[in-house]
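This report refers to the structure that appears directly beneath it.
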Amino acid sequence: MAEAITPRAKDYSQWYLDIVKHAGMAENSDVRGCMVIKPHGYAIWERMQRALDRMFKDTGHVNAYFPLFIPKSFLAKEEQMAEGFAKECAVVTHHRLKAVPGEGLIVDPDSKLEEPLIIRPTSETIIWNTYKNWIQSYRDLPLLINQWANVVRWEMRTRLFLRTAEFLWQEGHTAHATKQEAEDEAHKILEVYRSFAEDWMAMPVLTGPKTDGQKFPGADYTLCIEAMMQDRKALQAGTSHFLGQNFAKAFDVKFQSQAGQLEYAWATSWGVSTRLIGGLIMTHSDDGGLVCPPRLAPIHVVIVPLGKSDDEKANSFKAAEQLRETLVRIPREEFFGYEPLVVEIDKRFGQSPGARFIDWEIKGVPIRIEMGPRDLAQQTCVLARRDFPGKEGKTVGVPLGELPTKVVALLKEIQKNLFERAKKYRDANSFEVNSYDEFKKKIDEPGGFLWAHWDGTRATEDRISNETKATIRCIPFQRAKEAGKCMVTGAPSEGRVVFAKAY
RNA sequence: CGGGGUGUAGCUCAGCUUGGCUAGAGCGCGUGGUUUGGGACCACGAAGUCGCAGGUUCAAAUCCUGUCACCCCGACCA
C-alpha cells in the first residue's frame, strides 16, 4: 500500500491532489503558480479540444490566433475590463538581457520598452483592436472566431487545473450586426457548453445568467454553466458573455448597415479552460483513483495478460494482441467522435497482477480486460468496469467472442451511468431554503446548492457572501416562476437563485 | 501586503536544543535471483557542494549575521 490515495472522507483537497499526482495528470513546476500538464492529463485536454472544436466548427466558427502580448494602452481602453484584471497581470517591461561579469545575466536597463506589454489575461482588447480593421460593412458580419491559447492571470493561491497562473483555454470572440444576433450567439454557445459538459464529460450543469456582481468585467451579462463537485462545492465550468457594444465603442468598431447608417458592432466572448479537467476529476473519481468518462478517456480499454510460466505469458499476450486487433477495428461511431477505440496492452509481467490492476484503476481507464491461463482455457476473460471500484466492477467468465459488442455497449453504459450518478448526487444535495437562518445552517452542513429567494440587489448579495462565504452561482433558466420574498430583506422576488460555496 | 513555518539523496523526512569520526532512514531508482488471478520478497548497488554568502571555532548540517526561495493562514478569480 505504498502509493495510497487519501480517501475523500478524510481530506478532500488531499484526495484531489493525490488523484492528479498518481494518475500522472499534472504536477507543480518550479515556476511559481504554473503547472506541468503531463501526458495523461494533456491527452484528456486533447480529447476535450477535439470535441469542442468540432462543435464550434459545426456552429459556423473558425479558428485564428492573436498575440500573447497586449499593449497596456489596449487593456486600458475598456474601463470595466481594465479594473477587473488590473490586479492579476504579468507585465513585460524590457526586451533584452545582458551578461555582466560577476553578476551573471541581468535585465538590460537600456532595453526598456516604450510601452509595457501585458501577457494576455484574455484577448478581447487585442482582438477588437484588430476587428476594427476587418469590419466596415454589414457584409463583414457576423465574424465568428475562436482561438486556442494560453493566458496568464497572476493568482496568489493556486491549485492544479482549478486555478493556476497560466492556463490553457479557448476563447471565442464574435461580432454581429444586431443585438439580437449577438444575444442568440451567447445563448447558442452556452448550449454548446452545456451539451459538452453533460454529453461528453457526463457532468450535469445548471445554466443561466450570473448576477451583476459575478459577471465578467466588460460584459452586459454573463451566462454560465455551473457544476457541483463531490464536496458539494460549485465549480464555474464555462462562461458565455454578451458584451453589448462595449468593446466596439472602446475600439471604435463601426460598420455601415444595409440602410447606410454607421453602427457599432455587437459582441460576444466565451471560454472554457483546462479547469474542466479539475471538474471532471471531482465529478466522477473515487477513492481508487481517476474515473474518466469513456468519451474523453485517452485509453478506452486496457488488456492485462496474466501468466506464470513463459508459455502462459506468451499465450495470454498473443490472445491480448488478437483481441486488440478486433477491438480497434470496430467501426467508428459518432459516440466516440468517429475515432477508433484506443486499446492498450499491459506487458508488465514482472509486477504482481494486483499492482497492475490498481495502476490502471488510478489512471481511470473505463474498461479493463484480464486474460490468464484459467480464462483462456475456456475462451473467456474477466471484464472490469471502472465506474464501480475494485472487484465490484468485475465480471468473470465473459466469452471472448462477445467482447466486441459487449465493450462498445459497456462504454456507452458507463458514460450514461456516470452522468446519472452525478445528477442524482447533485439533486440530492440541492435544497430549497426559505429563511436566512436556515440558509446559514445549511450552507456549512450539509452544504450543496441552496435555492433561495433574493431581492436582486448587489447589497444583499454582498452581505450574504461576506457573512456566509457563499455566492450566487447563477440565476438558473431551469427555475420555476414563483413569487416569494428575499430571505434576507423580505423584498419581493420572482424566483429562486442558486447559492453555493465555490471554487 | 500582514502573521506563521520550512530549506539535508529524485520524493518524504530524521539529525540541529547540548558543535566532534566517513551525514542517516523510508520510499523510489539500478543489477541479479526467487515470485505472480487484487498493491511480492531477498541480496547487492548508485545517488547529497546539508538553499546561498559571510562570521565564530582546533572543528559547523548544528551557533551568529545577512540573503534568497518555497509552503501555510487572512482581501480577488476561468
Side-chain angles (χ1 to χ4, degrees), chain A residues 1-5 13 17 21-22 27-34 83-89 120-123 149-159 161-172 193 210 213-217 219 222 224-227 234-241 269-279 288-289 304-310 312-313 316 346 348-362 368-377 380-382 384 389-394 396-397 462 465-466 469 471 502-503:
Chain A
M1 296 292 278
E3 303 262 312
I5 289 171
S13 323
L17 292 173
K21 180 178 176 187
H22 295 309
E27 61 190 37
N28 279 310
S29 73
D30 286 339
V31 185
R32 82 182 278 260
C34 296
E83 210 177 298
F85 285 105
K87 280 171 287 182
E88 45 187 352
C89 286
R120 61 180 165 219
T122 178
S123 301
N150 58 339
V151 287
V152 168
R153 297 182 187 175
W154 209 262
E155 300 288 350
M156 305 296 285
R157 187 112 164 65
T158 61
R159 298 190 70 190
F161 290 120
L162 298 172
R163 193 186 300 116
T164 47
E166 179 192 15
F167 57 91
L168 306 183
W169 77 344
Q170 58 69 215
E171 47 181 326
Y193 287 162
K210 288 280 183 194
Q214 300 278 332
K215 74 180 183 192
F216 176 77
T222 289
C224 69
I225 56 172
E226 201 76 22
L235 183 77
Q236 181 177 129
T239 46
S240 178
H241 316 291
S269 71
W270 27 273
V272 295
S273 72
T274 38
R275 171 178 251 204
L276 288 177
I277 298 172
V304 185
L306 301 163
K308 292 184 201 174
S309 68
D310 286 348
E312 287 173 350
K313 289 178 193 173
S316 62
D346 181 345
R348 298 169 297 177
F349 285 100
Q351 292 184 32
S352 77
R356 295 160 78 194
F357 301 159
I358 284 166
D359 186 55
W360 294 109
E361 281 172 10
I362 291 175
R368 183 180 69 248
I369 295 169
E370 304 166 13
M371 309 175 100
R374 296 211 298 262
D375 307 298
L376 293 175
T380 65
C381 66
V382 175
K391 290 182 175 174
E392 205 184 314
K394 277 193 179 187
V396 291
D462 289 347
S465 81
N466 285 335
K469 306 268 182 213
T471 48
Y503 277 97

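Note that the structure is predicted; figures quoted are calculated from it, not measured. In the text below, chain A, chain B and the rest are named by the order of the sequence lines, each starting its count at 1. Values below: all heavy atoms of this structure, side chains included; hydrogens, waters and symmetry mates excluded.
The backbone N or O of A:Lys21 lies less than 3.5 Å from no partner atom in the side chain of A:Glu27, so there is not a single donor-acceptor pair. Of the possible donor and acceptor atoms, none in the side chain of A:Thr222 sits under 3.5 Å from a partner among the backbone N and O of A:Lys210. A donor-acceptor pair is defined here as one N or O able to donate and one able to accept, closer than 3.5 Å; such a pair exists between the side chain of A:Arg153 and the backbone of A:Pro121. A donor-acceptor pair is defined here as one N or O able to donate and one able to accept, closer than 3.5 Å; such a pair exists between the side chain of A:Ser316 and the backbone of A:Leu306. Judged by distance alone, with hydrogens and angles left aside, the side-chain atoms of A:Arg368 form no donor-acceptor pair with the main-chain N or O of A:Val382 at under 3.5 Å.
To the nearest whole angstrom, the two P atoms, one in B:C21 and one in B:C63, are 15 Å apart. Between B:U65 and B:A78, the two C1' atoms lie 46 Å apart (nearest whole Å). Taking atom P in both B:U62 and B:U6, one finds a spacing of 15 Å when rounded to whole Å. Using P as the reference atom, B:G55 and B:A60 are 12 Å apart when rounded to the nearest Å. Atom P of B:G32 sits at a distance of 41 Å from the matching atom of B:C71, rounded to the whole Å. Rounded to a whole angstrom, the distance from the P atom of B:G54 to that of B:C76 is 45 Å. Rounded to whole Å, the separation between the P atoms of B:G30 and B:U22 comes to 32 Å. Nucleotides B:A14 and B:G74 place their C1' atoms 33 Å apart, quoted to the nearest Å.
Relative orientation of the A:Phe216 and A:His241 rings is parallel, given thresholds of 30° and 60° on the angle between their planes.
For A:Gln214, there are no side chain to side chain donor-acceptor pair (under 3.5 Å) partners, not counting sequence neighbours. For A:Arg348, the side chain to side chain donor-acceptor pair (under 3.5 Å) criterion is met by A:Asp346, A:Asp359, not counting sequence neighbours.
For the pair A:Asn28 CG and B:G10 C1', the interatomic distance rounds to 16 Å; values are reported in whole Å. The distance from atom CD of A:Glu27 to atom P of B:U12 is 12 Å, rounded to the nearest whole Å. When rounded to the nearest whole Å, the span between CH2 of A:Trp360 and P of B:G39 equals 19 Å. Counting to the nearest Å, the P atom of B:C77 and the OH atom of A:Tyr503 are 18 Å from each other. Straight-line distance from the CG atom of A:Asn150 to the P atom of B:A78: 18 Å, rounded to whole Å. The NZ atom of A:Lys21 sits 15 Å away from the P atom of B:C27 (whole-angstrom rounding). Between the C1' atom of B:C76 and the CD atom of A:Glu83 lies a distance of 13 Å, rounded to the nearest Å. Atom C1' of nucleotide B:A75 and atom CG of A:Asp462 are separated by 14 Å, given to the nearest angstrom.
Annotation: side chain of A:Pro353 is not in contact with side chain of A:Glu370 (no heavy-atom distance under 4.5 Å). In this structure, A:Lys394 and A:Phe357 have side chains that are in contact, with non-hydrogen atoms separated by less than 4.5 Å. Residues A:Gln236 and A:Tyr503 have side chains not in contact (no heavy-atom distance under 4.5 Å, counting atoms from C-beta outward). Here the side chains of A:Arg275 and A:Thr164 are not in contact, with every heavy-atom distance at 4.5 Å or above. Taking 4.5 Å as the limit, some side-chain heavy atom of A:Trp154 sits within range of a side-chain heavy atom of A:Arg32.
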Which letters describe nucleotides 4-9 of chain B, given B = protein heavy atom under 4.0 Å from base, S = only from sugar-phosphate, - = neither?
------
Along nucleotides 31-38 of chain B, 5' to 3', which nucleotides get a B, which get an S, and which get a -, given that the test is a protein heavy-atom distance under 4.0 Å?
-----BBB
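Contact annotation for A:Thr164: base contact, defined as any heavy-atom pair under 4.0 Å involving a base atom. Looking at heavy-atom distances under 4.0 Å, A:Leu162 makes contact with a base.
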Review item, nucleotides 70-74 of chain B N/O atoms under 3.5 Å of protein N/O:
| from | atom 1 | to | atom 2 | distance (Å) |
| --- | --- | --- | --- | --- |
| B:C73 | OP1 | A:Arg157 | NH2 | 3.1 |
| B:C73 | OP2 | A:Arg157 | NE | 2.9 |
| B:C73 | OP2 | A:Arg157 | NH2 | 3.0 |

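Side-chain N/O atoms of A:Arg163 and base N/O atoms of B:C77 include a donor-acceptor pair closer than 3.5 Å.
A stacking contact links A:Phe167 to B:A78: the aromatic ring centre lies within less than 5.5 Å of the base's six-membered ring centre, and the planes differ by less than 30°.
Surrounding CH2 of A:Trp169 are more than 12 heavy atoms belonging to other residues, nucleotides or ligands, all under 6.0 Å away.
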Quick one: the dot-bracket string of RNA chain B, using Watson-Crick and G-U wobble pairs with both distances under 3.5 Å, [ ] for crossing pairs and | for bases paired to another strand.
(((((((..((((......[...)))).((((((.....)))))).....(((((..]....))))))))))))....
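Considering all non-hydrogen atoms of both residues, A:Glu171 and A:Thr122 come closest at OE1-OG1, 3.6 Å.
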